[in-house]
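Note that ligands are numbered from 1 as they come in the structure, with each ligand's atoms numbered from 1 the same way.
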Amino acid sequence: MYKRDLVSITDYSLDELEDLFKLADDIEEHPRRYKSSCNNLKLATLFYEPSTRTRLSHESAMIELGGNVIGFSDAKASSASKGETVSDTMKVMSCFADIIAIRHNLEGTAMVAAEASSVPVINAGDGGHSHPTQTLADLYTIRKNFGRLNNLKIGFCGDLKYGRTVHSLIEALLRYENVEFVLIAPEELALPKGLKNLITDSGAKYEEVSSLEDALPELDILYMTRIQKERFTDLAVYDRLAGVYVLDKEKMERAKEKMIVMHPLPRVDEISTDVDDDPRIQFFQQVMCGKIVRRALILDLIERGSKEPIKRYDDIDEAEVGETCKCSNPKCITHFERGLKMRFKQGKGGKLLCAYCDSKIVEE
Ligand code: NCD
């Protein structure tokens, strides 16, 4: 058996995801059966970026399985502030913990962490790149509401450029049959091109619109997001875009009776509190689903492992690509982590991609 990590939602096949959701159902139904499953085991939560839900959700999940929790919630309190690399921190933490959840502001950090650690690693968010455990919570919420993960029309509204939860959920839903995407965002916050190509390449359909009102009546799911202020390099642009979409009672009247509204939270002003009593609002249930499915994930990673190693990069030699070729994403960990070996993968049409953050490789 090989160590298993959750770096990307695609690390789990659809069958494995379904097994995970069944385990989550069982844990929810019979919590006492699982209350000692992680006795004497430790989860380390290494949070280099702010979080309320994700960190405490992992920690509660571990405690409910009988395990213990160690870690930090501020990079300033870790040796990163003294210049330690992520890889070194992970090798050290592997001596202390049985499983590690990591959140970092640099994209691709989760893969670096998984490669360096000898215990399972959970990606709890790497910059604007991905957030697979939120995706597990989202899929589990959709499955509970609709009893299926296929044949759905989902609208993503708000910050589709920096919203990592959007990126991971799209990647996940593309693998299910007949899921249609409506992308509701101002031009400046449109979904990155690479992800739009991924939708088209998978044979799924998407449309880009600017009006939430017009899109609403068609949707089974509305996935609202916060405009991610902290990821803007120019705050004047943020100020112009903040508050551009607000879901309120009046707009909710245009939606289907069985539509659901999801949000990874925290919300700022994009959903008015006057809709909170509407039964179609599902974001607090989503938080509960997150804790339940994370219990299943922790158990699965610790107990089951993987029959085969997960292949995250192609066998492409760094020397072959050339030293002047770099990842085009300035927020990628490859520009910051000392001694890190570049890893590549072949994208559609032979394009060379950075295996850590999925961005294009370019010649400098
Ligand atoms: C999100 C995140 O951190 O990416 N929240 C979460 O994990 N539940 C969304 C956000 O910060 O807007």
If we set the cut-off at 4.0 Å for heavy atoms, which region of Glu230 has an atom near ligand 1: side chain, backbone, both, or neither? neither

Please report which non-hydrogen protein atom sits nearest to atom 8 (N) of ligand 1, along with the residue it belongs to and the distance in Å to one decimal place. Pro264 O, 2.9 Å

Option from Asp314, Asp315, Asp358 for which salt bridge (charged side-chain N to carboxylate O under 4.0 Å, His left out) with Lys345 holds: Asp358

So, is Gln228 polar-close to ligand 1, with some N/O to N/O distance under 3.5 Å? yes

Atom indices of ligand 1, in the order listed, that fall short of 4.0 Å to a heavy atom of Thr54: 6 (C), 7 (O), 8 (N)

Of all the heavy atoms in Arg103, does at least one lie under 4.0 Å from an atom in ligand 1? yes

Closest approach of any protein heavy atom to atom 3 (O) of ligand 1, naming residue and atom: Arg164 NH2, 3.0 Å

Answer yes or no: is there a side-chain heavy-atom contact under 4.5 Å between Tyr245 and Ser211? no

Does the side chain of Glu363 come under 3.5 Å of the side chain of Thr324 through a donor N or O and an acceptor N or O? yes

So for Leu265 against ligand 1, with non-hydrogen atoms under 4.0 Å, the contacting part is backbone

Just checking Asn40: does its CG atom have more than 12 heavy atoms from other residues, nucleotides or ligands closer to it than 6.0 angstrom? no

Linking I/L/V/M/F/W/Y whenever their side-chain heavy atoms sit closer than 4.5 Å, directly or via other members, would Ile310 and Val121 fall into one cluster? no

Regarding Asp300 and Tyr12, is there a side-chain donor-to-acceptor distance under 3.5 Å anywhere? yes

Which of the atoms of ligand 1 are close to Arg226, meaning less than 4.0 Å from one of its heavy atoms? 10 (C), 11 (O), 12 (O)

Can we call the ring centroids of Tyr238 and Phe232 under 6.0 Å apart? yes

Near His131 (heavy-atom distance under 4.0 Å), the atoms of ligand 1 are 2 (C), 4 (O), 6 (C), 7 (O)

